[in-house]
Q: 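The structure follows.
Chain letters run A, B, ... following the sequence lines, proteins first and then strands; every chain starts at 1. Just so we're clear, the structure is a prediction, and the values are computed from it rather than from any experiment.
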Amino acid sequence: MLDIRTLRENPDAARAGAIKKHLPDRAEAVDRALAVDTELRGLVPTLDAMRSEQKNAGKQLGKLAPEEREAFLAVQKEKKVELHKLEEREKRLKHQLEEELMLVPNIPDAEVPEGKDDTLNVEVRKWGVPTKFDFEPRAHYDLGEAQGWLDFTRAAEMAGSRNYMLFGDLALLHDAVLRLAVELMVERGFTPIDPPLLVRDAAMLGTGFFPGGEEQTYRCEKDGLNLIGTSEVPVTSLHAGEMLKADDLPKKYVARSACFRREAGTYGKDTRGLYRVHQFQKVEQVIVDVADRDKSIEHHHAIVQNAEDLLQKLELPYRVVAVCGGDLGVPQAMKYDIETWMPSREHYGETHSASRFYDYQARRLNLRYRPKESKKPLFCHTLNNTVIASPRVLIPLLECHQNADGTVRVPAALQPLLGGREVLGRAL
RNA sequence: GGAGAGGUGCCAGAGCGGCUGAAUGGGCUGGUUUCGAAAACCAGUGUGUGCGCAAGUGCACCGGGGGUUCGAAUCCCCCCCUCUCCGCCA
């Protein structure tokens, strides 16, 4: 969340930010928060004075003559009732302020392009060229089913739509690509993590998925737990409530986990194949560092580069886009997506999402560090990016690397993880 | 699931109705000492928020939320978490 002071000093920036994100109702939260804040600030001095008086009165009690005591206590009792009423109101206002503040989106950076949805994202750069075929290429679902690698029918039968099962070499490829991603990141100094998949609301709220993302989240109501849609949630929450040492920063983590998404409201969208599914595996990179905007931007570029390097090892053409305001999430200040070429879609399809938050998440998570120079604790900055998400990345892997006979070429980087094999599948 | 023990500042750990925002130790900062360092010694050092140019000062905060009381870190209730034992189980 934003600092209430930011709202007081520059409410227009917060409002404009929500508008740029095409969240007009969230812009209204700015004004509601400020109204509550004003009321609260009017109340507090009165309350402080009353409490101060009460405290001192208590200390004087012992000095009083016994016959004076009874009258004194009667007066104190009355004052207590009055104080209690005001304290109730203070409590309500504080809760309200917290609620409204949680609704106010992070302010998008100036460099975030204007636009209402992903069609207005702006291409930043491209690597490789969309694959050309001298034969009729197959879509991954046709290829996969023909090879006996994929079964959507039975998966849907037992688990509902948007489910899949991977078999044989495709199951191995899926695992190999995830392992390659983890290896690359560990080489680059990231600490591997296997995180919890079920988390409390605090983690969802802290990372900015709640309020707002409840409909996208599978919830285990019996235990009050939520299945994560990304390991960003448990990993960024790792140090919630802590006071980190400046010397221990930056923290760089890479987590591999299953991810679960309800995909509510996407009926009829991307219904075929492995593109939009309820459950997938993702390797995610997370950085927690000091509160320095330039450093955050630097990290941001670095984590995008990490993902690009992996895609290049996988020999997949991709492009990087700067995500526009309307396609930006509530907590993000700036986001790059990486889109990988998917022949069956005849388009680049989103495979990665790299966000920087500055201190927006850290503030919600109460994630702080003690800077070296000043002694005042500051909120950390957080960032994250996909390293790889599978099976979605299997779409370009199968489709771009397919041969005319239906076999699939294995990029050199993956061969050691697949027993040295250069080709998967049989001639169809 | 059953039975106990506990959650206090950056960390460890006392306190168990007012004199406690909190002993003590560690850490950290500054100083003395030293050619320099270590050690030793001295001093300072919580977080948030209000007022103030500042020095300073009011208030809140001892896992979270309620309650008792003129007054709660301390007493009572609920919840969360950690640990030990028993049961169950991968």
Q: Between Arg51(A) (CZ) and rA72(B) (C1'), how many Å, whole number?
A: 15 Å
Q: Under a 4.0 Å N-O cut-off, is there an ion pair linking Arg5(A) with Asp3(A)?
A: yes
Q: Starting at atom CG of Asp247(A), determine the distance to atom C1' of rC10(B), rounded to an integer number of angstrom.
A: 13 Å
Q: Could you work out which one of rC59(B), rG66(B), rC70(B) sits closest to the side chain of Lys91(A)?
A: rG66(B)
Q: Is the Lys NZ or Arg CZ of Arg392(A) less than 6.0 Å from the centre of Phe280(A)'s six-membered ring, within 45° of the axis?
A: no
Q: Heavy-atom count check: over 12 atoms from other residues, nucleotides or ligands less than 6.0 Å from Met50(A) CE?
A: yes
Q: Within the structure shown, what part of the strands sits under 4.0 Å from Lys94(A) by heavy-atom distance: base, sugar-phosphate, or nothing?
A: nothing
Q: What is the distance, to the nearest angstrom, from the CG atom on Leu47(A) to the P atom on rG58(B)?
A: 17 Å
Q: Please check if the number of heavy atoms outside His95(A) that lie under 6.0 Å from its NE2 is greater than 12.
A: no
Q: I need the NE2-C1' distance between His84(A) and rU69(B), as an integer number of Å.
A: 13 Å
Q: Reckon Ser52(A) has a side-chain N or O less than 4.0 Å from the OP1 or OP2 of rG58(B)?
A: no
Q: What's the gap between rU24(B) and rC83(B) when it is taken at their P atoms, as a whole Å value?
A: 31 Å
Q: Just to confirm, is there a sub-4.0 Å distance from OP1 or OP2 of rG71(B) to any side-chain nitrogen or oxygen of Lys80(A)?
A: yes
Q: Calculate the interatomic distance between Glu242(A) atom CD and rU47(B) atom P; express it in whole Å.
A: 17 Å
Q: How would you label the contact of Arg8(A) with the nucleic acid (heavy atoms, under 4.0 Å): base, sugar-phosphate, or nothing?
A: sugar-phosphate
Q: Please report the distance separating the P of rG44(B) from the corresponding atom of rA12(B), rounded so that it comes out in whole Å.
A: 25 Å
Q: Would you kindly give the CD-to-P distance between Glu87(A) and rC61(B), to the nearest whole Å?
A: 9 Å
Q: Of all the base pairs, Watson-Crick or G-U under 3.5 Å, which form stems of three or more consecutive pairs involving RNA chain B?
A: B:1-7 with B:80-86, B:10-12 with B:24-26, B:27-32 with B:40-45, B:46-51 with B:56-61, B:63-67 with B:75-79
Q: Give me the distance, rounded to whole Å, that separates rC16(B) from rG66(B) when you measure between the P atoms they each carry.
A: 26 Å
Q: What integer number of Å spans the C1' atoms of rU84(B) and rG71(B)?
A: 37 Å
Q: Just to verify, what does His300(A) make a ring pair (Phe, Tyr, Trp, His ring centres under 6.0 Å) with, not counting sequence neighbours?
A: Tyr336(A)
Q: Examine the side chains of Thr217(A) and Asn226(A) and answer whether a donor and an acceptor come within less than 3.5 Å of each other.
A: no
Q: Between atom CE in Met50(A) and atom C1' in rC59(B), what is the gap in whole Å?
A: 13 Å
Q: Given rC10(B), is OP1 or OP2 found less than 4.0 Å from the side-chain N or O atoms of Arg368(A)?
A: no
Q: What interatomic distance, in whole Å, is found between P of rC88(B) and the corresponding atom of rA23(B)?
A: 48 Å
Q: Between Asn385(A) and Val286(A), is there a donor-acceptor pair closer than 3.5 Å when you use the side chain of the first and the backbone of the second?
A: no
Q: Say you pick atom C1' in rC78(B) and the same atom in rG25(B); how far apart are they, in whole Å?
A: 36 Å
Q: Looking at rC80(B), rC51(B), rG48(B), which one has an atom nearest to any side-chain atom of Arg200(A)?
A: rC80(B)
Q: Taking atom CD as the centre, does Glu111(A) end up with more than 12 heavy-atom neighbours from other residues, nucleotides or ligands that are less than 6.0 angstrom away?
A: yes
Q: Of the options rG48(B), rC70(B), rC59(B), whose atoms approach the side-chain atoms of Pro377(A) most closely?
A: rG48(B)
Q: Taking the cut-offs as 6.0 angstrom to the six-membered ring centre and 45 degrees off its axis, would you call Arg261(A) and Tyr218(A) a cation-pi pair?
A: no
Q: Which residue lies toward the 5' end of RNA chain B, Gln76(A) or Lys245(A), if each is placed at its nearest nucleotide?
A: Lys245(A)
Q: Looking at Gln54(A), does any N or O in its side chain come under 4.0 Å of the phosphate oxygens OP1/OP2 on rG71(B)?
A: yes
Q: In this structure, how many angstroms lie between the P atom of rG9(B) and the NZ atom of Lys376(A), rounded?
A: 17 Å
Q: Would you measure the distance from the P atom in rU74(B) across to the matching atom in rA40(B) and give it in whole Å?
A: 37 Å
Q: rC59(B), rC70(B), rC10(B): which one has an atom nearest the side-chain heavy atoms of Lys55(A)?
A: rC59(B)
Q: Of the nucleotides rG67(B), rG71(B), rC10(B), which has the atom closest to the Glu88(A) side chain?
A: rG67(B)
Q: Using a 4.0 Å heavy-atom cut-off, does Lys77(A) contact any base of the nucleic acid, only the sugar-phosphate backbone, or nothing at all?
A: sugar-phosphate
Q: Pick the C1' atom in rA73(B) and in rC19(B), then give their distance to the nearest Å.
A: 16 Å
Q: Other residues, nucleotides and ligands only: do more than 12 of their heavy atoms fall within 6.0 Å of CZ on Arg154(A)?
A: no
Q: Please pick, from rG58(B), rG48(B), rC10(B), the nucleotide with the shortest atom-to-atom distance to any side-chain atom of Asp48(A).
A: rG58(B)
Q: Using a cut-off of strictly less than 4.0 Å, decide whether Arg41(A) has a side-chain nitrogen or oxygen near OP1 or OP2 of rG50(B).
A: yes
Q: Nearest-nucleotide wise, let me know which of Ala49(A) and Arg5(A) is further upstream toward the 5' end of RNA chain B.
A: Arg5(A)
